[in-house]
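These numbers come from the heavy atoms of this one structure, side chains and all, not from hydrogens, waters or symmetry mates. Convention: sequence-line order gives letters A, B, ...; per-chain numbering from 1.
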Amino acid sequence: MPELPDVEVFKRYFDSTSLNQSIRDVKVSDQTVVKIPESGLKSVLIGYQFRKTSRRGKFLFANSGDSNWLVLHFGMTGYLHYSSVKDDPPDHTRLRITFDNENALSYVNMRKLGLVDHTESLKQYIREKNLGPDALHLDHKLFIEIIGRKKGTVKSALMDQSAVAGIGNIYADEILFQAGIHPKRPVSKLNEDEFHAVFRQTDPVLETAIEREAVPGRMPQHFMLPRREPGASCPKCRGNIEKIAVSGRSTFVCPNCQK
DNA sequence: TCCCGTGTTTATAT
DNA sequence: AATATAAACACGGG
Ligand SMILES: [Zn+2]
């Protein structure tokens, strides 16, 4: 689930549920995903309120005052869940933050590929993680420059978080499908028009996905995203969608529409 | 220095 | 029942 659009949806969910409520308790139920000991998290959270959030790529940051940032990354299976403290938290809840208003925010992650961390400096954390600029609303020239200097296939370039942050396996496929570019094309062989086609599709794909709350079934008819299965038909030409591997990741492509 | 393949993780499907 | 797969990244060899 969690690529840029999903994490942006999580951010809005966080903003609409969990800001400006005093934190009463913090429970860590998995100390491998949560990188800070429970006692440490308690000391930076209890008695504070989340004031604002920030997103860079697939990372979500929640601020509760000067030099106090909670870091959330969702891996492949993470999400947020907010409910009454009296309700049982979902399975695989790794962290639960309880507010004075009797509600609680849970960080849920079935697999342990994500992380919860803490940092005093957003800038420094982003630098340490080597994250490129956010993929959404990226400047045209910068996008072309960053992607253009990469080696390898255009799909792996788009998915490189140190180049442009936020695009993962699903949305790389979608952007390239909308752009009519084959994911295995080497970046070095793309001409100016093809670079431009990829750039031109990036914002609309990401923005549309956010509008539809990143739910596959709510995507527009011309999206390939809900059709990631062998034998599906291309929404543009009705041809057969092909499943291939690119940098070891499952990739769906219409060989007729993507050259 | 950069790119790519491998390992990590756990529930599901075959 | 073993095996493969899945929206993630870290790491090490070439
Ligand atoms: Zn097609």
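- Taking the six-membered ring where the residue is Trp, A/Phe99 and A/Tyr82 present tilted rings, their angle falling between 30° and 60°.
- As rounded to the nearest Å, C/dA7 and B/dC3 have C1' atoms that lie 23 Å from one another.
- The side chain of A/Lys150 has B/dC3 as its nearest neighbour among B/dC3, B/dT10, C/dT5.
- In this structure, the CD atom of A/Glu229 is 14 Å from the C1' atom of C/dA6, given to the nearest Å.
- Across the P atoms, B/dT9 and C/dA1 are found 24 Å apart, a figure rounded to whole Å.
- Spacing between C/dC9 and B/dT12 at atom C1', rounded to whole Å, works out to 22 Å.
- Sorted by first and then second residue, the side-chain hydrogen bond (donor to acceptor under 3.5 Å, both in side chains) pairs involving residues 129-140 of chain A (not counting sequence neighbours) are A/Arg55-A/Asp134, A/His137-A/Glu207, A/His140-A/His196.
- Pairs passing the side-chain hydrogen bond (donor to acceptor under 3.5 Å, both in side chains) check and including a residue from residues 164-175 of chain A, sequence neighbours excluded, read A/Lys155-A/Asn169, A/Lys155-A/Asp173, A/Asp173-A/Arg228, A/Glu174-A/Gln178.
- Qualifying ring pair (Phe, Tyr, Trp, His ring centres under 6.0 Å) partners for A/Phe14, counting only residues two or more places apart in sequence or in other chains: A/Phe50.
- Salt-bridge annotation for A/Asp117 and A/Lys35: absent, with no side-chain N of the basic residue lying under 4.0 Å from a carboxylate O of the acidic one.
- Taking the six-membered ring for Trp and thresholds of 30 and 60 degrees, A/Phe61 and A/Tyr125 have ring planes more than 60 degrees apart, a perpendicular arrangement.
- The shortest heavy-atom contact between A/Gly114 and A/Val33 is O-CG1, 3.6 Å.
- Taking atom CG on A/Asn109 and atom P on B/dT9, their separation rounds to 13 Å, with Å as the unit.
- Taking atom CE of residue A/Met110 and atom C1' of nucleotide C/dA7, one finds them 11 Å apart after rounding to whole Å.
- Close to B/dC4, at under 4.0 Å from its OP1 or OP2, lies a side-chain N or O of A/Ser156.
- For A/Tyr13 and A/Tyr79, the ring centers are positioned 6.0 Å apart or more.
- Remark: C1' of C/dA7 and CZ of A/Arg228 are 8 Å apart, rounded to the nearest angstrom.
- A/Gly248 comes within 4.0 angstrom of nothing in the nucleic acid, heavy atoms only.
- Taking side-chain N and O atoms only, A/Ser247 has no distance below 4.0 Å to OP1 or OP2 of B/dC4.
- Taking atom CG of residue A/Leu206 and atom P of nucleotide C/dA7, one finds them 17 Å apart after rounding to whole Å.
- Nearest nucleotide to the A/Lys151 side chain, out of B/dC3, C/dA8, C/dT5: B/dC3.
- Among the nucleotides B/dT9, C/dA6, B/dC3, the one closest to any side-chain atom of A/Lys112 is B/dT9.
- Helical stems in DNA chain B, defined as runs of 3 or more consecutive Watson-Crick or G-U wobble pairs with both donor-acceptor distances under 3.5 Å, are listed by first residue as B:2-8 with C:8-14, B:10-14 with C:2-6.
- Counting only residues at least two apart or in different chains, salt bridge (charged side-chain N to carboxylate O under 4.0 Å, His left out) contacts with residues 212-222 of chain A comprise A/Glu213-A/Arg218.
- Residue A/Ile170 contributes atom CD1, which lies 13 Å from atom C1' of C/dT5 at whole-angstrom precision.
- When the C1' atom of C/dT5 is taken as reference, atom CZ of A/Arg111 falls 8 Å away, rounded to whole Å.
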Margin query: One character per nucleotide, please: for nucleotides 9-14 of chain C, 5' to 3', B when the base has a protein heavy atom closer than 4.0 Å, S when only the sugar-phosphate does, - otherwise.
Written below: SS----

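- Residue A/Ala172 comes nearest to A/Ile167 through the heavy atom pair N-CG2, 3.5 Å, listed as atom of the first residue, atom of the second, then distance.
- Rounded to whole Å, the distance from CD1 on A/Ile147 to P on B/dC2 is 15 Å.
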